[in-house]
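What you see is a predicted model, and the numbers here were worked out from it, not measured in a lab. In listed order, ligands and their atoms are each counted from 1.
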Amino acid sequence: MSEPAKPEPLKWFAETLHAAWQQRLKMDRVLFHERTEHQDLIVFENDQWGTVLALDGVVQTTTADERAYHEMLAHTPIVAHGRARSVCIVGGGDGGTLREVVKHETVRRIVEAELDPEVIQFCKRHLPGLSDGAYDDERLELRFGDAAHFMAEEGEKFDVILVDSTDPIGPGAALFTEAFYRDCRRRLNAGGILATQCGVPAVQPFELRQTQQRQKAAGFADVSFYLTCVPTYVGGYMALGWASDDPTRRRIRVDTLASRPIPSGLRHYTPDTHVAAFAHPPWMVDIVDGR
Ligand code: AG3
């Protein structure tokens, strides 16, 4: 009698982001795994979260929960601005942020500064729903290479700058410095808004505290943050930094927001979730104030 075939051992992706807490996702099928010149990229399928993209051992996005991140990162500042014509996306090579930005017809020009051209290529191929054709948009100009260098150039100004970065480990660290925020401020038009990925406060309190301090040090008159919740960014709320020289942009009333053009078919962003995102639990205020 022949031996029954042994079941394949289960393969798990174990995230390496936190020292004392780890999430694991079963890799039902690996679609792509490569070490590029810049980073280790993997895309796999998972029954719970759909297609998962991880860079250097950290989950960057999943097709099941990415809207909570991309919609809030993009629409909150664009709708608060009210007449954004030019938007710069720093990072964001998976195309999710770009997909949301192109939904705004008032936006005439989009520049995306991405380190790694390979990320865009393989995301288009393996996670096509993330960019959903947005890389073909005529308003877009792609700039490859170090986005911190790009921001440091003397160049055009934008109404909104969205920093869709990794955490401040490896190449992403340059996008969390005071110098970088200073350059962003210089590259904003009057009334412009900078929004930045600032980590999950419960497990990365230093990331929120430091980015708030540095954005203030960079000279912005109004520095704050807003919240979303992305299940595969473990630890609860995720913080998105908000910096502008115009404090009124952060305090737009819900009915004013609702009277503005808002793309249809959104799954997470509404004028109500926009306003609610600026409600800060006291423990987060303490993190920012260093208590
Ligand atoms: N970049 C943000 C990843 C944050 C991971 N951090 C964490 N889980 N604490 C996402 C890129 C999506 N376009």
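Numbered from 1 in the order shown, with element, the atoms of ligand 1 that lie under 4.0 Å from a heavy atom of Val200 read 9 (N).
Using a 4.0 Å heavy-atom cutoff, Glu207 is absent from the residues neighbouring ligand 1. Using a 4.0 Å heavy-atom cutoff, Gly91 is absent from the residues neighbouring ligand 1.
Here's the thing with Asp94: one of its N/O atoms is less than 3.5 angstrom from an N/O atom of ligand 1. Not one N or O of Thr97 is nearer than 3.5 Å to an N or O of ligand 1, by distance alone. Here's the thing with Ser165: one of its N/O atoms is less than 3.5 angstrom from an N/O atom of ligand 1. Among the atoms of Gln60, some N or O lies under 3.5 angstrom from an N or O of ligand 1. Any N or O atom pair closer than 3.5 Å counts here, and Gln204 shares at least one such pair with ligand 1.
For atom 11 (C) of ligand 1, the candidate residues are Asp167, Asp164, Leu98, Thr61; the nearest heavy-atom contact is made by Asp164.
Heavy atoms of His70 found under 4.0 angstrom from ligand 1 belong exclusively to the side chain.
Ranking protein heavy atoms by distance to atom 7 (C) of ligand 1, first place goes to Leu17 CD2, 3.3 Å.
For the atom pair CG of Leu162 and NE2 of His75, the computed distance is 10.0 Å after rounding to the nearest 0.5 Å.
Gln204 and Asp167 share a side-chain donor-acceptor pair at under 3.5 Å.
Remark: aromatic rings of His70 and His268 are distant, center separation not under 6.0 Å.
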